[in-house]
Amino acid sequence: MKHLLKMSDLSSEEIIEILNLADQLKYELKHGIKHHILEGKTLGMIFQKASTRTRVSFETGMYQLGGQALFLSSNDLQIGRGEPVQDTARVLSRYLDGIMIRTFKQQEVEDLAKYGSIPIINGLTDYSHPCQVLADLMTIREIKASFDGLKMCYIGDGNNMANSLIIGALKVGMKMAVACPEGYTPDVIEDDYVKNNADFVLYHDPCEAVKGADIVVTDVWASMGQESEAAKRRVAFKGYQINSELMRLANKDAIVLHCLPAHRGEEITEEILEAHADEIFEEAENRLHAQKAVMVMLMKNKEDE
Ligand code: CP
Ligand code: NVA
């Protein structure tokens with residue numbers, strides 16, 4: 001593993017390796033065990049979109065591993081004034097030990113990896129959000145003990161989260177049901193890996209999709225960059241809300257995950273979010289541990305292995 005660009009780049013074994021290390025780092029943090037694994041290393045964090053969790057968890061995670069992180073807003077970088085990604089990649093590779101980037105186009109992240117010579121981590125694009133899904137998988141395994149026999153159900157927009165959750169769930173051996181309106185289906189359903197996978201089912205009826213689910217997941221109806229479509233989307237997604245009526249169709253002990261930020265009253269009700277707050281905020285915490293594992297695997301010195 002040289003980069004973390006999207007979930008489909010990871011093998012099932014690599015996902016489990018990341019989750020195992022994340023569990024270990026979480027345990028060690030809670031028991032006061034300090035690390036210097038990334039001492040002297042610098043992570044550059046390029047943000048072309050807003051962030052609370054990604055920024056704070058990467059920055060804190062880097063400090064906890066003995067390294068440092070630089071917040072690089074695209075408003076201040078020359079990239080925001082049109083300097084090409086291939087030049088930015090080659091320059092930053094000479095200063096930094098890794099780059100985390102949150103941007104719009106997946107191609108930009110792929111190009112950073114292609115032209116740079118340091119590990120690149122995708123901190124969200126319109127297409128994928130692999131760091132979030134690694135934290136989600138970590139949370140599921142923590143609560144359910146294993147992925148065996150579990151069914152995940154995603155209700156809502158076929159966005160970056162849907163794309164990454166589908167691949168992540170299938171790679172760890174879960175069944176995956178997705179319900180979204182016509183015209184809002186996730187891009188990855190066209191991938192051979194998903195198309196030919198008997199464990200994946202696409203629905204347009206949330207009630208059908210959620211039946212017997214062990215994990216119910218949703219995300220905002222209008223993602224960052226789609227703000228002008230918010231009103232149209234509220235109409236398109238009516239009926240795709242996670243509420244108590246829908247949850248009655250899931251398994252009794254089903255958990256609910258949401259990557260946050262949540263729009264209460266749209267994709268999820270206040271009641272369901274609060275009833276499942278322990279799971280949802282554990283999921284948010286696990287961003288820190290999962291990303292520390294990713295950084296260790298990508299950025300530690302080879303001689304330390
Ligand atoms: N879930 C997530 O990526 O949150 P932020 O947008 O706050 O980073
Ligand atoms: N789909 C959302 C996820 C936010 C973490 C977005 O892209 O805005």
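Atoms within each ligand, like the ligands themselves, are counted from 1 in listed order. Only heavy atoms go into these numbers, but all of them, side chains included; no hydrogens, no water, no symmetry mates. For clarity, every value in this text was computed on a predicted model and none was experimentally measured.
- Geometrically, K175 does not engage F200 in a cation-pi contact, judged by NZ or CZ lying under 6.0 Å from the ring centre and within 45° of the ring axis.
- In this structure, atom 2 (C) of ligand 1 lies nearest to the protein heavy atom R287 NH1, 3.3 Å.
- In terms of protein heavy-atom proximity, atom 4 (C) of ligand 2 is nearest to L124 CD1, 3.9 Å.
- The residue among R102, K49, R53 with a heavy atom at the shortest distance from atom 6 (O) of ligand 1 is R102.
- Geometric assessment of R55 against the ring of F47 yields a negative cation-pi assignment under the 6.0 Å and 45° thresholds.
- Below 4.0 Å from some heavy atom of M224 lie the following atoms of ligand 2, by number and element: 6 (C), 7 (O), 8 (O).
- N163 places a side-chain N or O within 3.5 Å of a backbone atom of V188 that can act as its donor or acceptor partner.
- Between H129 and ligand 1, an N or O atom pair is found at a separation short of 3.5 Å.
- Distances between N or O atoms of H129 and those of ligand 2 include no value under 3.5 Å.
- Geometrically, ligand 1 and L260 share a nitrogen or oxygen pair separated by less than 3.5 Å.
- For a threshold of 3.5 Å applied to N or O pairs, the pair formed by L124 and ligand 1 contains no separation below that value.
- Judged by a 6.0 Å distance limit and a 45° cone about the ring axis, K171 is positioned over the six-membered ring of Y193.
- For atom 7 (O) of ligand 2, the closest non-hydrogen atom on the protein side is N160 ND2, 2.8 Å.
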